[in-house]
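Worksheet: one structure, shown below.
Worth knowing before you read on, the calculation uses all heavy atoms, side chains too, and leaves out hydrogens, waters and symmetry mates.
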Amino acid sequence: MNKHISLAILVLAIATLASAQNTAPSYIDKGFSSLEFKVGKNGLLQVPVTPNVNVLYQKNIAKHLSVVFYSEIAKSIFNTDPDQKYLVLNNFWWRETVGIGGTFGRKSLNNNLFLMAGGNYYRSHTYVDEELKPELITAKLRPELGLLYNLKWGKKRVYFSFQHYIPLYPLNLFFARELTKTTSLGVGFKLNQRE
């Protein structure tokens, strides 16, 4: 009788171990990692539109605590400022940041908030569209500090992702509302799922 009970417990333990290896860790578990690809634009309602492409790698270092690496490139496609028909703007920026923050949620819906730090290369070309075309070219490499909100939705290996990035530094540009916020949508891939 004891042999049968021991054998049943052993078979149950092996079956539990085998099924546990076939499931992905949830978004909040230690060991979870993902890679996300997104496209978006500068802010929600900002005009002229500056589309961006970004990549986000996330690695949980503890339960509810993550480290992320974020890269973003953006370039304006509409040159004329609609408020001032004569003003032509060409913008480009490239962000490289790393951040740490919390991750909260359930199996299918997850919220993340990260404090980000890194660098930003910004270039703009502005001129008045007249015969003389007086122009101003600005190119700067500056430190970057910001907040990144990221929402994940989905239970499977591939999931949907939404993010909003708010730069906080330099402070004078933040208070003047001249920093480039971005809003993006895309897909993410759980990297450590076994099927």
Side-chain angles (χ1 to χ4, degrees), residues 27 34-60 64-105 109-127 135-154 159-189:
Y27 295 118
S34 65
L35 188 62
E36 298 177 11
F37 301 94
K38 295 186 244 12
V39 294
K41 67 176 283 299
N42 52 327
L44 289 172
L45 302 172
Q46 287 179 312
V47 176
V49 173
T50 305
N52 72 65
V53 176
N54 63 67
V55 177
L56 178 78
Y57 172 75
Q58 177 180 338
K59 176 73 174 165
N60 290 8
H64 296 290
L65 185 65
S66 299
V67 172
V68 292
F69 300 94
Y70 178 64
S71 182
E72 176 184 273
I73 293 177
K75 176 149 181 22
S76 59
I77 55 172
F78 300 113
N79 292 334
T80 306
D81 185 345
D83 295 333
Q84 303 171 356
K85 299 287 186 205
Y86 59 88
L87 190 63
V88 177
L89 303 166
N90 292 312
N91 294 324
F92 171 81
W93 69 81
W94 178 15
R95 286 188 175 114
E96 291 292 334
T97 57
V98 63
I100 189 164
T103 176
F104 308 95
L109 189 66
N110 183 256
N111 293 287
N112 305 282
L113 186 62
F114 301 105
L115 179 61
M116 309 295 289
N120 178 356
Y121 173 74
Y122 174 78
R123 184 180 191 280
S124 71
H125 184 184
T126 308
Y127 60 89
E135 62 183 349
L136 172 66
I137 297 175
T138 304
K140 290 193 173 194
L141 182 60
R142 59 186 181 209
E144 178 87 14
L145 183 65
L147 283 175
L148 176 73
Y149 170 74
N150 193 18
L151 174 74
K152 295 174 176 54
W153 179 54
Y159 57 89
F160 292 103
S161 180
F162 165 83
Q163 82 178 26
H164 189 68
Y165 180 80
I166 302 170
L168 302 174
Y169 183 84
L171 288 175
N172 59 339
L173 293 178
F174 174 75
F175 290 120
R177 296 181 182 177
E178 291 182 14
L179 290 173
T180 49
K181 301 176 206 154
T182 59
T183 303
S184 307
L185 290 169
V187 294
F189 303 92

Nearest-0.5 Å distance, OH of residue Y169 to CG of residue L145: 9.0 Å
Beyond-backbone contact of Y57 with V67, side-chain heavy atoms, under 4.5 angstrom: no
F37, CZ: over 12 other non-hydrogen atoms inside 6.0 angstrom: yes
Nearest-0.5 Å distance, CG of residue L109 to OH of residue Y27: 8.5 Å
Euclidean distance, F69 CZ relative to S71 OG, rounded to 0.5 Å: 12.0 Å
Whether N112 side chain and N150 backbone form a donor-acceptor pair below 3.5 Å: yes
Nearest heavy-atom neighbours spanning S76 and P51: CA-CD, 4.4 Å
Side chain to side chain, V68 and V98, heavy atoms closer than 4.5 Å: no
Full working for side-chain hydrogen bond (donor to acceptor under 3.5 Å, both in side chains) between Q58 and K152: CA-CA 12 Å; Q58 177 180 338; K152 295 174 176 54; 2.6 Å; yes
Side-chain donor/acceptor of N54 to backbone N/O of I73, under 3.5 Å: no
Residue pair A74 / N52: nearest heavy atoms and the distance that separates them: CB-CB, 3.6 Å
Exercise: identify the closest heavy-atom pair between S66 and N60: OG-OD1, 2.5 Å
Sub-6.0 Å ring centroid separation between Y70 and Y165: yes
Worked check of side-chain hydrogen bond (donor to acceptor under 3.5 Å, both in side chains) between N110 and T103: CA-CA 7 Å; N110 183 256; T103 176; 2.9 Å; yes
Salt bridge E72-K38, side-chain N to carboxylate O under 4.0 Å: no
Separation between CD of E36 and OG of S34, rounded to the nearest 0.5 Å: 5.0 Å
Whether F104 and H64 hold their rings parallel, tilted or perpendicular, with breakpoints at 30° and 60°: parallel
Verdict with reasoning, L168 to L147, per side-chain contact (heavy atoms from CB on, under 4.5 Å): CA-CA 7 Å; L168 302 174; L147 283 175; 3.9 Å; yes
Side-chain donor/acceptor of H164 to backbone N/O of L148, under 3.5 Å: no
OH-CH2 distance between Y121 and W94, expressed to the nearest 0.5 angstrom: 10.5 Å
Residues in side-chain hydrogen bond (donor to acceptor under 3.5 Å, both in side chains) contact with N120, at least two apart in sequence or another chain: E144
Nearest-0.5 Å distance, CZ of residue F189 to CG of residue L35: 7.5 Å
